[in-house]
Protein chains: 2
Amino acid sequence: MNITRTSFPRIVIIGGGFAGVALAKKLSKQDLQVVLLDKNNYHTFQPLLYQVSTGGLEPDSIAYPIRKILKDFPNFHFRLADVEEVDLIKNKVITNIGKLKFDYLVVASGSKTNYFGNTDIEKYSMAMKTIPQSLNLRSLILENFEDALLTSDLNERNALMNFVIVGGGPTGVELAGALAEIKKGILPKDYPDLDTRLAQIHVVQSGNCILKGMSANASRKAEDFLEKLGVNVWKNVRVSNYDGKTVTTNTDLTFETATLIWAAGVKGATIKGLDGEKFVTRGNRFLVNEFNQLKGFDHIFAIGDVACMISDEYPIGLPMMAQPAIQQGDQLGENILRFIEKQPMKPFAYKNKGVMATIGRNKAVVDLKRFKFQGVFAWYVWMFVHLFFLIGFRNRMVVFINWVYNYVRFDREARLIIRPFKKRSKN
Amino acid sequence: MNITRTSFPRIVIIGGGFAGVALAKKLSKQDLQVVLLDKNNYHTFQPLLYQVSTGGLEPDSIAYPIRKILKDFPNFHFRLADVEEVDLIKNKVITNIGKLKFDYLVVASGSKTNYFGNTDIEKYSMAMKTIPQSLNLRSLILENFEDALLTSDLNERNALMNFVIVGGGPTGVELAGALAEIKKGILPKDYPDLDTRLAQIHVVQSGNCILKGMSANASRKAEDFLEKLGVNVWKNVRVSNYDGKTVTTNTDLTFETATLIWAAGVKGATIKGLDGEKFVTRGNRFLVNEFNQLKGFDHIFAIGDVACMISDEYPIGLPMMAQPAIQQGDQLGENILRFIEKQPMKPFAYKNKGVMATIGRNKAVVDLKRFKFQGVFAWYVWMFVHLFFLIGFRNRMVVFINWVYNYVRFDREARLIIRPFKKRSKN
């Protein structure tokens, strides 16, 4: 890969998400050679992907070029690479652009959509975990409305205007809220030839409440807000299959829809060579100790969604979210230096600073340690926190402008089909 | 297409570019049924495409959803459609989503890249006339630099860092300037492992001056500015072929490059059923009279790039640019109404309000009727005019923020490979 070894230890980081970037920043002024590998040349601010899918934000606002993040760090190297395997014997990472020897390896490869083995659902549903997926969903939604105009078959028309979101976590809830706002504020004006009141948005949750990672109040209020927006919330319903037209469940309930969004689960994105029972635990994540080390290795670490750190407070591992990822990245940054200098490492302890989710254009639910609140004020908190954590002043300005505009004008302007999804053979 | 006829005359407009949109806006409050067809659901502000290719603007900033433009106009209908043919006998438009009868037809289908019959160039070069093409170019530029890092073969490395732009009109010149700024300001920081001074940018012009539609001063100054930015300007050189690696010309000059951008010519995008010698003239445009009517027809019109209106002042037709398109759309809007009311129509007379081009981050050349100027002040004029003509307040704000940021920070943030171009089989 044309990276010359230096006298410094070489740390290879797989993944430029929240964890990988936090770690890289922490290591920036140290006597180390750091190589970061990612299959994309940008970092994605995943919490705002649903805004891209619904035309409220441009994709570029939530994507940040990794090279730009790293540009002022001496001894840092970025390579655009697909990591295919880890060779534990030779301490090498094998990628599509070559092999790379490491002294220390940090796997921060994140998570991917979990279809729980259902290949039909994987084939026919839409995921929303990356920018291209979100853009495909944006195109599909708009293309479906264009197609709805052209059919006189009412069943077909209804199926095209139906949206079924599987998963009542923050992803599903936020997407549902945004779709409901579009249905209310924008569709009637954009599609005067359609009775867009017939469009239905469904959230299907297998458990007995939505936002189950949050407080009971948050969960109840969020459901309330969604229902006021006209979203149909189905609890204790598990989707069993989807063939592109019909959604079947473990009850009598079925849905006819052209758009199924699968937000029902994620699993770790493990890597060949580090897979198998020895390393991987439930949720397809790497089992790590309190120093984020993989079992049996001093010099191989995992952080973020792909790492499963078990403790009394988190018996099935830390939540797969941005905050734990960032904190682990930070902590590991310090720990690696301690390790190299033969100092004792500090065990990781997650500080939960709060969980929040937004519903529609001006409501949110926020659980902080001591205070929990829901409604419009919560929405301001949500907006402030997300703006703060976006990387880059320009991104923050652009997102802020978009949101002010969306709010004041009750409109979303990025309703563009730039790469058609249904007619994928073109371009 | 599910559009019910009314008692009003139906006007079908093919194309939502500058001309089609200007016409639609003019007809908005009239007793007419207007149907606008476009293969995209958005209008593109083409003059700023080169900024998308070079990561200075997000694509959504220069794209505006057509439904949003039309939403307040009663009796307006938009359909996302590929127009395949015009049936002159039955007065019908034949599209991929059905047929549509018209009382009046306005063809505003614009122009497309002209490869002058060279199929190799068409296959291997990059065009920059649409947003997907500009995004593909953005991806290719960035992917080439990533690949340059990985090769130890100096010839291959140089070819990956070479950019050859064919065409010395505003498109080629503006793209060259933007690439030169990236080479100077951004590449060294993003790619510390590469000697980016070796990157070369070439503009190849078949004639004896660049910007030949502008004054001699503008042309000379623009060349001067480009050369100060390190761009190589080649005049009186005609590119004869490109096979993906080597560019051959009608002189001894050849180039080794992985990136050839073809900005050397456009031709009208005519439609089957209206093609052939009877209607089409040089540049593959429809010959129209001073009322924009096609030869032999009262009720079929053409405006914008696809129309060729000959006059003493413009013996080969109006220039294929935004201004003539907008003015024709405006004028035809009035003329159609006069025609329907059996009033005499007004012949079109193009008012040239000025031509301008920008070179790099703070220079431009501007030719107004009475004043011609070049340099930094011209750049402010250029920026103001382009902001003014962008559709939509939010787009203007976002573009303005991006430009202020780019200028102050000497940076461009949208350096993202969202849809890889070289590895197109993925996604």
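To find a chain, count down the sequence lines: A is the first, B the second, and so on, and within it residues start at 1. Only a predicted model underlies this, so the values are computations on that prediction, with no experimental measurement involved.
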Q) Under a 4.0 Å N-O cut-off, is there an ion pair linking A/R138 with B/D60? A) yes
Q | side chain to side chain contact (heavy atoms under 4.5 Å, CB included) assessment of A/R415 paired with B/Y42 | A | CA-CA 8 Å; A/R415 307 196 288 286; B/Y42 57 90; over 6 Å; no
Q) What distance separates B/R67 CZ from A/K189 NZ, expressed to the nearest 0.5 Å? A) 14.5 Å
**Q.** Shortest non-hydrogen contact between A/S61 and B/E58, atoms and distance
**A.** OG-OE2, 4.2 Å
Q: Counting only heavy atoms closer than 4.5 Å, note whether A/D193 contacts chain B via side chain, backbone, both or neither.
A: side chain
Q. Under the side chain to side chain contact (heavy atoms under 4.5 Å, CB included) criterion, do B/R157 and A/N2 qualify, and how do the steps go?
A. CA-CA 12 Å; B/R157 188 176 269 210; A/N2 279 342; 3.7 Å; yes
Q: I would like to know whether B/I186 and A/K71 meet side chain to side chain contact (heavy atoms under 4.5 Å, CB included); could you show each step before the answer?
A: CA-CA 10 Å; B/I186 291 167; A/K71 71 175 165 65; over 6 Å; no
(Q) Would you say NZ of A/K101 has more than 12 non-hydrogen atoms from neighbouring residues, nucleotides or ligands within 6.0 angstrom? (A) yes
(Q) With a 6.0 Å cut-off (strictly less than), is the heavy-atom count around NZ of B/K129, excluding the residue itself, greater than 12? (A) yes
Q. Quick one: CD1 on B/I131 to CG on A/L416, what's the gap to the nearest 0.5 Å?
A. 7.0 Å
Q: Answer with side chain, backbone, both or neither: which region of B/T151 has an atom nearer than 4.5 Å to a non-hydrogen atom of chain A?
A: backbone
**Q.** Among B/L135, B/N41, B/N40, the one residue meeting side-chain contact (heavy atoms from CB on, under 4.5 Å) with A/I418
**A.** B/L135
Q) Is there a side chain to side chain contact (heavy atoms under 4.5 Å, CB included) between B/I3 and A/L149 once you walk through the steps? A) CA-CA 9 Å; B/I3 303 175; A/L149 278 168; over 6 Å; no
